[in-house]
Amino acid sequence: MKKSALQIARAAYQPKLPKALKGTVVAKEGAATQSVGNQDEIKAMFPNTYGMPVITFEEGNAPQMEAINVGIILSGGQAPGGHNVISGLYDGVKTLNPNSKLYGFLMGPGGLVDHKYVEFTDEFIDEYRNTGGFDIIGSGRTKLEKESQFESGIEILRELGIKALVIIGGDDSNTNACVLAEYYAAKNYGVQVIGCPKTIDGDLKNEQIETSFGFDTACKTYSELIGNIQRDCNSARKYWHFIKLMGRSASHIALECALQTQPNACLISEEVEQKEMSLNDVVTYLAQIVADRAADGNNFGTVLIPEGLIEFIPAIKKLIAELNEVLTDPATGESREFGSAEEQISFVKGNIAADNLAVLESLPADVARQLCLDRDPHGNVQVSLIETEKLLSRMVADKLAEWKKEGKYNGKFSAQHHFFGYEGRCAAPSNYDADYCYSLGFNASRLIANGKTGYMSIIKNTTAPAEEWIAGGVPITMMMNMERRNGAMKPVIRKALVELDGAPFKFFAANREEWAKNTAYIYPGPIQYWGPTEVCDQCTKTLALEQK
Ligand code: FBP
């Protein structure tokens with residue numbers, strides 16, 4: 001593989017580890033834990049992995065381990081730093097015993113079920129240290145939930161002598177990791193399962209997990225691009241840029257990018273829901289900002305739109321909930337099969353309540369169509385395929401045209417559209433993500449060495465220098481509650497949405513009026529890997545505000 005000069009230099013970077021992980025460790029156990037909701041049901045469903053304590057690792061004299069074979073899976077959407085989780089785990093198991101082996105299952109959880117794998121070697125791992133992407137073994141969205149999949153998995157794990165499996169994923173994949181951990185524990189199969197918190201969306205976080213990996217790099221990459229657009233926008237002064245940002249559900253990415261770039265407007269889905277705003281209310285809010293700037297002679301600006309917005313508009317949320325029910329076959333709990341998209345849409349229209357049908361029919365045809373079509377394997381609407389940025393700018397243009405007729409607006413409105421998602425998911429990891437991910441992987445080897453299963457690898461105190469980071473593990477059941485999925489109640493990790501009383505949102509809300517009216521853009525520039533620490537080693541503004 002031909003490498004750029006940066007890649008060659010970056011390969012030599014040695015990610016930092018918390019002090020506690022540098023030598024042998026001992027596990028300090030906290031008190032027994034409880035799930036965040038539905039305790040009785042979760043306890044009954046996870047009798048072998050419920051109630052375990054939070055673990056913190058401290059320096060100590062642990063005995064030398066026998067060689068162990070470990071497997072790893074990358075699951076779901078790509079996130080910068082995944083290769084460092086693998087290299088951290090590889091180095092971790094080798095320091096436990098140089099004869100330990102690490103296997104990677106190919107193209108996501110499907111690789112475990114279909115017995116597709118590779119064995120890592122020094123040369124193989126070295127090619128991928130500190131690089132972005134998941135291409136080292138590929139990723140996939142196969143949902144691990146059926147007994148037949150778990151049984152197929154154990155066959156290959158036994159064949160390769162694998163005693164522990166690490167699953168790198170978001171809330172859905174880690175929920176499945178926990179179900180697998182419980183199944184193997186119940187059957188006494190002798191295979192531990194450990195999760196790692198990944199997703200650029202930033203919604204896998206709680207009091208134990210400060211942030212999911214990849215969020216830092218993805219937000220910095222998008223913020224660089226937004227900054228570039230803002231400079232262009234402020235140079236030509238003739239366009240409004242409508243920028244949709246990834247983040248399937250929560251608006252953490254949009255909020256962080258707003259904190260980094262100070263755009264003229266940024267929608268936060270959670271606020272739209274809380275204020276029970278309709279699509280028309282959202283459009284009026286944006287059109288007013290455009291009109292106010294036009295009154296000052298500024299016919300240009302930037303608007304950030306979270307990808308998941310549409311699902312948070314209460315009427316549309318209610319519609320989607322019914323669509324999800326209707327699209328699931330109650331007999332099997334699986335998605336219904338249709339011969340064509342048209343057949344699916346007409347089935348949906350014939351089977352939903354009149355008020356929801358009215359909402360569906362009020363939406364532009366392309367949006368309505370996408371809402372009626374297939375979900376991803378975890379039952380999520382594929383919001384990355386809905387062009388909200390075009391929908392909103394079209395509706396703002398219509399509103400401004402009305403206001404022009406009424407003499408309330410006399411500006412010029414010309415829009416450009418962008419969607420930043422895939423651009424950031426495989427970027428070379430920032431120093432933060434390179435260090436955090438390496439530590440998460442290395443730490444997973446210590447959870448394995450301590451015989452843990454059903455735990456997620458955690459690294460805390462990450463706003464301090466890496467030396468002072470705290471390593472340990474949290475039982476996955478602790479993060480669970482029951483939610484309705486595909487027509488039935490299921491145990492799932494609770495997703496972290498933007499907290500409207502949290503410091504990041506409050507900071508944004510306190511400043512947004514000024515950013516709307518005045519042109520107060522910040523141009524963050526590219527991620528820096530070398531240089532002064534205040535430039536190169538910063539965490540996200542979200543994390544800094546949350547932890548301050
Ligand atoms: P994960 O939750 O698996 O990390 O993926 C998140 C995400 O990047 C969302 O932001 C986006 O909506 C979705 O993946 C896109 O999925 P796909 O890669 O399948 O198009």
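All ligand and atom numbering here is 1-based and tracks the order in the structure.
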So for Arg425 against ligand 1, with non-hydrogen atoms under 4.0 Å, the contacting part is side chain

Whether the side chain of Thr453 engages the backbone of Gln192 through a donor-acceptor N/O pair (distance < 3.5 Å, no angle test) should be reported.
no

Note to self: Is it the case that ligand 1 has an N or O less than 3.5 angstrom from some N or O of Tyr422?
What the structure shows: yes

Is it the case that the side chains of Thr462 and Glu210 hold a donor-acceptor pair, with the cut-off being a distance below 3.5 Å and no angle test?
yes

For Gly76, the atoms of ligand 1 under 4.0 Å from one of its heavy atoms are 3 (O)

Does the side chain to side chain donor-acceptor pair (under 3.5 Å) test come out yes or no for Glu270 and Ser251, once each step is laid out?
CA-CA 7 Å; Glu270 290 83 345; Ser251 305; 2.8 Å; yes

Ligand 1 to Gly77, heavy atom cutoff 4.0 Å, flagged ligand atoms 1 (P), 3 (O), 4 (O), 5 (O)

Exactly one of Asp537, Asp216, Thr540 clears side-chain hydrogen bond (donor to acceptor under 3.5 Å, both in side chains) with Ser430, and that residue is Asp216

Cation over ring face, Lys317 and Phe312, 6.0 Å, 45°:
yes

Check whether Tyr13 forms a cation-pi arrangement with Arg10 (NZ or CZ under 6.0 Å from the six-membered ring centre, at most 45° off the ring normal). yes

For Lys198, the atoms of ligand 1 under 4.0 Å from one of its heavy atoms are 1 (P), 3 (O), 4 (O)

Inset, instruction - Mind running salt bridge (charged side-chain N to carboxylate O under 4.0 Å, His left out) on Arg129 and Asp91 for me, showing each step along the way? - result: CA-CA 11 Å; Arg129 288 182 190 271; Asp91 293 351; 2.9 Å; yes

Among non-hydrogen protein atoms, atom 11 (C) of ligand 1 lies closest to Glu307 OE1, 3.5 Å

Closest heavy-atom approach to atom 2 (O) of ligand 1 among Leu74, Asp172, Leu245, Thr199 is made by Thr199

Quick note on ligand 1: atoms under 4.0 Å from a heavy atom of Gly247 include exactly 10 (O)

Ranking Ile168, Asp171, Asp201 by closest non-hydrogen atom to atom 9 (C) of ligand 1, top hit is Asp201

for atom 13 (C) of ligand 1, nearest protein heavy atom and its distance come out as Arg141 NH2, 3.6 Å

